There are 4 protein chains.
Amino acid sequence: MNVHSAGDRPIATPPPNDKRRRILDAAVQVFAQHGFFHARVTDIAREAGVADGTIYLYFKNKDDLLISLFEDRMEGIIAAFRAELSRLEGAAERLDKFVEMHLGMVEREPQLAEVLTVELRQSSKFMREYKAPRFQEYLDILAEIFELGRRTGEFRPDLEPRILKRIVFGALDEVSLVWSSTRRDKYALADAAREIRNLCVRGLMASAAHETAQQGDRP
Amino acid sequence: MNVHSAGDRPIATPPPNDKRRRILDAAVQVFAQHGFFHARVTDIAREAGVADGTIYLYFKNKDDLLISLFEDRMEGIIAAFRAELSRLEGAAERLDKFVEMHLGMVEREPQLAEVLTVELRQSSKFMREYKAPRFQEYLDILAEIFELGRRTGEFRPDLEPRILKRIVFGALDEVSLVWSSTRRDKYALADAAREIRNLCVRGLMASAAHETAQQGDRP
Amino acid sequence: MNVHSAGDRPIATPPPNDKRRRILDAAVQVFAQHGFFHARVTDIAREAGVADGTIYLYFKNKDDLLISLFEDRMEGIIAAFRAELSRLEGAAERLDKFVEMHLGMVEREPQLAEVLTVELRQSSKFMREYKAPRFQEYLDILAEIFELGRRTGEFRPDLEPRILKRIVFGALDEVSLVWSSTRRDKYALADAAREIRNLCVRGLMASAAHETAQQGDRP
Amino acid sequence: MNVHSAGDRPIATPPPNDKRRRILDAAVQVFAQHGFFHARVTDIAREAGVADGTIYLYFKNKDDLLISLFEDRMEGIIAAFRAELSRLEGAAERLDKFVEMHLGMVEREPQLAEVLTVELRQSSKFMREYKAPRFQEYLDILAEIFELGRRTGEFRPDLEPRILKRIVFGALDEVSLVWSSTRRDKYALADAAREIRNLCVRGLMASAAHETAQQGDRP
DNA sequence: CATGAATGAGCATTCATTCAT
DNA sequence: CATGAATGAATGCTCATTCAT
């Protein structure tokens with residue numbers, strides 16, 4: 001990302017926190033491949049090209065490594081999402097973009113997606129205290145979209161952003177999980193995106209039926 | 001369930017497969033409390049009131065215990081769902097019922113719900129081969145509802161049951177997870193049910209906006 | 001062996017101690033196949049066609065089963081050896097016969113031979129107290145042959161039966177072990193018998209060399 | 001052995017592979033005392049003054065520890081034997097030396113002898129694949145002696161080194177086993193050595209009988 | 001800062017033995 | 001006598017974490 005700054009200093013100077021980054025990158029790979037519990041710290045160290053002990057210079061313990069990984073990656077993702085969304089006006093447009101970006105990320109970095117998705121869940125079991133603030137923030141982007149839509153009258157006034165953010169995230173998450181675990185052979189993520197968008201915009205009911213559905217389509 | 005028949009036989013008759021059932025019940029508790037990985041076989045044994053070794057008379061190993069638990073419970077759930085749903089006509093009604101039953105189960109047996117939901121995911125990480133056939137069957141109930149709706153014209157003709165079943169399940173699952181992990185203080189599951197139903201029936205858009213939203217917004 | 005007596009009683013009457021014998025037979029098979037330590041009592045029970053617990057009606061424990069097996073089989077062997085040897089006059093003839101019978105037994109019942117040979121050794125490690133009286137008796141048959149030869153002047157007067165019995169048994173045992181573990185492909189037991197006999201009768205030295213070897217070498 | 005060189009270097013220099021050697025030394029003691037199966041890895045660790053886990057840094061598992069122990073010790077023994085034997089001319093002299101060295105080793109290191117002898121046998125039961133190459137090499141030293149004697153005409157031309165090496169090893173082994181397990185009270189190993197030597201040189205037959213049997217050189 | 005050898009707590013699993021039927 | 005389900009003590013091995021260099 002900060003590629004341009006590279007020329008400013010002698011090339012020999014390693015980027016600050018080179019090791020930390022390499023460890024995090026390695027952790028993504030290893031956690032994604034074996035799952036958090038079966039991942040060995042040694043394997044992460046080897047993958048990162050550092051000694052086992054080095055990991056403990058940057059992270060308190062294995063749990064902390066997962067948490068840090070999560071926070072670190074989410075920070076970037078949240079920033080990117082906010083930047084992109086801020087350029088759009090309507091709530092519907094933004095929701096579309098959110099869905100597109102979420103699934104795009106899954107498609108581009110399936111390993112990362114798997115860690116953020118699957119491993120987070122199980123970790124919440126044993127890290128009861130960890131509230132995953134970045135995850136909340138991520139969800140809040142969604143909530144804000146719903147708020148916006150409600151405020152501007154674009155969306156129904158009776159919708160509950162607090163709940164809807166979970167619903168939409170859950171849908172995205174499940175769809176991503178299937179896609180990445182089945183090695184993308186079942187359906188394209190683009191199809192999933194369209195289906196989610198359709199559900200949000202039109203619901204499930206047959207087009208004409210909509211308004212009429214409530215009153216008169218069964219004579 | 002068979003409460004009435006209880007009086008018919010001598011009380012002394014021990015329930016068939018008493019031990020197996022007690023172990024499974026104990027496993028639900030212990031897995032839910034500590035998570036699969038942190039759950040100790042010894043704890044399950046103690047909770048079940050049997051010796052450690054007894055567990056291995058009924059299950060191949062700890063993994064098999066989780067899988068068996070999953071299959072066993074899902075079987076009952078699937079049967080109950082099918083029975084209930086078969087009494088309803090419309091796809092929309094059935095979908096409503098499905099949502100209601102899923103969340104009702106979560107509310108009644110949060111521990112079981114957590115195991116079926118959270119632990120299954122992580123287990124799929126390390127039990128790559130386990131395809132969770134009962135879970136597929138459960139999802140298929142959803143898919144069948146969408147098929148039905150599409151066929152009868154009740155639902156949009158362009159919806160994809162294969163994807164939608166994942167979307168709706170993901171939504172239900174996420175909503176359940178939050179509810180059970182936050183100890184129900186955020187919102188009632190009934191609210192979540194209503195929100196999901198609304199999303200399915202009406203989508204997100206403001207009532208009038210619908211058709212117009214697509215064309216009218218961009219003159 | 002006692003086949004003739006079978007007709008004397010109703011066929012239905014099972015031979016006394018039928019179970020005990022079946023268990024011992026099974027133990028030979030299972031011990032030979034897996035070794036004493038890796039042999040499971042359950043496997044012996046299955047092979048014998050009895051329940052696990054039944055074994056403990058006839059034997060104190062797994063160790064006792066091995067010991068009993070040993071005593072039981074050795075008893076028969078010793079009796080047979082004594083009977084056969086008593087019909088021969090000379091010590092050399094008897095030694096020949098002993099070698100022939102020992103290796104013959106190995107050839108006919110390799111499984112039994114393996115248990116008596118290999119498993120006994122390791123058991124002596126952990127059953128420090130067990131003196132294997134039948135084994136001593138077996139060795140004594142050999143010692144008696146040497147005694148006889150010494151007394152009659154057939155053998156050298158300076159030989160030590162106490163030690164020679166071990167030497168000859170060790171030779172037989174090792175040769176048997178190799179033969180049975182290599183699945184008889186290296187050499188025939190008959191060759192080994194001849195070699196042992198030659199060693200005893202002629203020693204290793206070239207025929208003429210004998211006396212001269214002792215004096216002529218050191219002038 | 002390298003006692004003199006001790007003064008040459010700073011005492012602080014730790015022997016290379018200190019831990020590995022200590023573990024092997026400890027294993028000899030513990031295996032000899034309890035037998036392979038009853039020996040606990042924990043006990044070996046304590047005896048070696050290392051942690052349990054340390055053993056697994058040097059050896060794959062308990063089996064591998066036994067095998068490594070065997071290979072390691074045999075290597076030294078084989079080298080020492082070859083060195084010593086190469087200084088002797090005749091086959092008979094070499095055979096004498098072999099017997100002397102084998103029993104000398106048993107006398108000096110009874111624990112090691114017991115492990116190499118007893119535990120190897122039982123291990124071959126469960127480590128079917130392990131061919132004990134060093135043991136073969138050890139036996140081959142014997143075979144070579146017989147070959148030499150046969151070639152030079154010192155020994156009978158009809159002897160079979162392949163079989164005789166087993167016979168002599170078996171004799172030595174059995175004699176050693178008894179000596180070490182009876183805590184040397186029965187006979188001195190020197191007696192056993194003499195007895196084996198006599199058997200090889202003169203056979204068992206009374207002197208007169210001997211030559212007369214063949215030709216009659218004693219009036 | 002970095003290393004990686006050493007640590008040792010922790011746990012799933014086995015299997016000889018028992019005993020209620 | 002016979003059964004075989006149940007027991008629970010016993011142990012090999014793993015791997016997160018430390019710390020001397």
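Just so we're clear, the structure is a prediction, and the values are computed from it rather than from any experiment. The analysis underlying the following values was restricted to heavy atoms, covering all of them including side chains, and did not include hydrogens, waters or symmetry mates. In what follows, every chain begins at residue 1, and chains take the letters A, B, ... in the order their sequences are listed.
Ring geometry, B:Phe36 versus B:Phe31: the interplanar angle falls from 30° to 60°, so the pair is classed tilted.
Here the closest heavy-atom approach between residue D:Phe37 and residue D:Lys62 is recorded as O-NZ, 3.4 Å. Closest heavy-atom contact between B:Tyr58 and B:Arg20: CD2-CB, 3.8 Å. When all heavy atoms of B:Ala32 and B:Val115 are compared, the closest pair comes out as N-CG2, 3.6 Å.
Contact of the D:Leu24 side chain with the D:Leu65 side chain is registered, since non-hydrogen atoms from C-beta on lie closer than 4.5 Å.
Each of E:dA6, E:dA2, E:dT3 was ranked by its minimum atom distance to the side chain of A:Tyr58; first place goes to E:dA2. Considering only the side chain of C:Ala51, F:dT3 comes nearest among E:dT7, F:dT3, E:dT3.
Between A:Arg134 and A:Asp72, none of the side-chain N atoms (NZ, or NE/NH1/NH2) sits under 4.0 Å from a carboxylate O, so this pair counts as no salt bridge.
Per the geometry, CD1 belonging to C:Ile23 stands 11 Å off C1' belonging to F:dA2, to the nearest Å. As a whole-Å value, the separation of B:Arg22 CZ from F:dA5 C1' is 13 Å. Following rounding to the nearest Å, D:Arg46 (CZ) and F:dG12 (C1') show an atom-to-atom distance of 15 Å. Nucleotide E:dT21 holds its C1' atom 14 Å from the CG atom of C:Leu57, rounded to whole Å.
Contact annotation: A:Lys19 does not reach the phosphate of E:dC1 (side-chain N/O to OP1 or OP2, under 4.0 Å).
Consecutive Watson-Crick or G-U pairing (both distances under 3.5 Å) extending over three or more pairs maps onto DNA chain E as E:2-21 with F:2-21.
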Check: When every nucleotide of nucleotides 9-16 of chain E is labelled 5' to 3' by its protein contacts under 4.0 Å (heavy atoms), B for base, S for sugar-phosphate only, - for none, what sequence of letters results?
Finding: --SSBBSS

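A side-chain donor-acceptor contact under 3.5 Å links D:Gln29 and D:Gln111.
A:Tyr130 pairs in a side-chain contact (heavy atoms from CB on, under 4.5 Å) with only one of the listed residues (A:Leu66, A:Asp63, A:Ile67, A:Asp64), which is A:Ile67.
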